[in-house]
Protein chains: 2
Amino acid sequence: MRRTSFEHAECPIARSLDVIGDWWSLLIVRDAFGGKRKFGDFQKNLGIAKNILAARLRSLVSHGILTLEAAEDGSPYQEYGLTAKGRDLFYVLVALRQWGDRHLFETEDVAPELLDRQLHRPVGQLELHAADGRLLRPGDTMLRRRRCEALNGA
Amino acid sequence: MRRTSFEHAECPIARSLDVIGDWWSLLIVRDAFGGKRKFGDFQKNLGIAKNILAARLRSLVSHGILTLEAAEDGSPYQEYGLTAKGRDLFYVLVALRQWGDRHLFETEDVAPELLDRQLHRPVGQLELHAADGRLLRPGDTMLRRRRCEALNGA
DNA sequence: GTCCCTTAGTTTAATAATGCAACTACATTG
DNA sequence: CAATGTAGTTGCATTATTAAACTAAGGGAC
């Protein structure tokens, strides 16, 4: 592991990156969203070395992002599935997808489109709103260290 | 570089991760949002090795996420600043922050709070909306390979 | 100008992570 | 029972990261 000094970082971004900030974890989660469930599915689709994939899947399971359960379709093997915590990475994946769409594609090659499953129409951009509903843009926010009630006794 | 097979991946998530998916780049961008601008600021705050920081800053500049310009405050050194492309990583950082907040903190240790700079009140959760305004949740989306106009001549 | 301090890196050598290929284990198919 | 498919593990070479020492350039004190 790297960045040991951040293991108990107070910053949630650093903590998140310690869990899913490596080269493969988010791609595995992306494929899990895409319906992949078996070791071989991930391996073939990602082209990742099998030992690395095994280590990543183990890590994701140990962090409660994936579960490893017996397959329901009768196959004798086990399947990896997203937990609620793993499904909640949806917004991280969408943010990465939309940033990549906006900044990493030329007009020639076009990214696949993210569609609403009901309407089959493109979804909007991720939005962050203030308490009063105003749309917030980059730089419209600040951080405040939250007060720790545990410090002064009760 | 790793994952060379994904260098021209059609998936915008994979492309994004190729650019900012390493262990340090997003933390550097986070600190840039926090006002850090000089090499030493990043180095002290992150505890990163100086050669790695130099390599990452070079990479971020070469990808158009940071710029390296003469400092405005008269100091003889240069400063790193976010470009529009870099500022647009805001949503990725917020997504990681909110996921970490929700899943990586116990009741005892609390993450710093993201506030609206105007109201000084906590911001809402990132939202993804369908074309008709419906709020979309994890799994409510699908992908469609966009059609390539270049293929059939005109 | 010389000495020393700060800033911003580079270089070097040790350590850790990754990738590749071969191998194991187990269950099914023929 | 041999062949095949799935899910890994093991060993080794390659690559990335780290820490520490080193370089270079500017500024201030004298």
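Naming: A, B, ... by sequence-line order, numbering from 1 per chain. Heavy atoms only: backbone and side chains are in, while hydrogens, waters and symmetry mates are out.
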Engineer: Tell me who clusters with A/M142, hydrophobic residues only, linked when side chains sit under 4.5 Å apart either directly or through other members.
Structural biologist: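 Hydrophobic cluster check, A/M142: joined to B/L115.
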Engineer: Do you know the tightest heavy-atom contact between B/R56 and B/W24?
Structural biologist: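 Closest pair (atom of B/R56, atom of B/W24, distance): CG-CB, 4.2 Å.
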Engineer: Are there any protein N/O atoms within less than 3.5 Å of an N/O atom in nucleotides 3-10 of chain C, and if so, which ones and at what distance?
Structural biologist:
| residue | atom | partner | partner atom | Å |
| --- | --- | --- | --- | --- |
| C/dA8 | OP2 | B/G40 | N | 2.9 |
| C/dG9 | OP2 | B/Y80 | OH | 3.0 |
| C/dG9 | N7 | B/K50 | NZ | 2.9 |
| C/dG9 | O6 | B/K50 | NZ | 2.7 |
| C/dT10 | OP1 | B/R58 | NH1 | 3.3 |
| C/dT10 | OP2 | B/R58 | NH1 | 3.4 |

Engineer: Please name all residues satisfying side chain to side chain donor-acceptor pair (under 3.5 Å) with A/E127, sequence neighbours left out, ordered by chain then number.
Structural biologist: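 A/E127 satisfies side chain to side chain donor-acceptor pair (under 3.5 Å) with A/H129 only.
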Engineer: Nearest whole angstrom, please: distance from the P of D/dA19 to the CD1 of B/I48.
Structural biologist: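 Distance, rounded to whole Å: 10 Å.
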Engineer: Round to a whole Å and report the spacing from CD1 of A/I28 to C1' of C/dT18.
Structural biologist: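 Spelled out: CD1 on A/I28 to C1' on C/dT18 is 14 Å.
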Engineer: Nearest whole Å is fine: how far is D/dA20 P from B/Q43 CD?
Structural biologist: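 These atoms are roughly 12 Å apart.
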Engineer: Starting at atom CD1 of A/I52, determine the distance to atom P of D/dT15, rounded to an integer number of angstrom.
Structural biologist: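 Computing the A/I52:CD1 to D/dT15:P distance gives 15 Å.
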Engineer: What pairs with A/D88 under side chain to side chain donor-acceptor pair (under 3.5 Å), at least two apart in sequence or on another chain?
Structural biologist: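 Side chain to side chain donor-acceptor pair (under 3.5 Å) list for A/D88, sorted by chain: B/R102, B/H103.
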Engineer: State which residues pass side chain to side chain donor-acceptor pair (under 3.5 Å) with A/R87; sequence neighbours excluded, sorted by chain then number.
Structural biologist: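 Expected list: none.
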Engineer: Please enumerate all residues that pass side chain to side chain donor-acceptor pair (under 3.5 Å) together with B/E113, with sequence neighbours excluded.
Structural biologist: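 Scan of B/E113 (side chain to side chain donor-acceptor pair (under 3.5 Å), adjacent residues dropped) gives A/R144.
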Engineer: Rounding to an integer number of Å, can you tell me how far B/D22 CG sits from D/dT15 P?
Structural biologist: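 About 18 Å, once rounded to whole Å.
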Engineer: Under 4.0 Å from OP1 or OP2 of C/dA16: is there any side-chain N or O of B/W23 that close?
Structural biologist: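 No, no such contact exists.
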Engineer: Hey, is the side chain of B/W24 poking within less than 4.0 Å of OP1 or OP2 on D/dT18, counting only N and O atoms?
Structural biologist: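 Yes, within the criterion.
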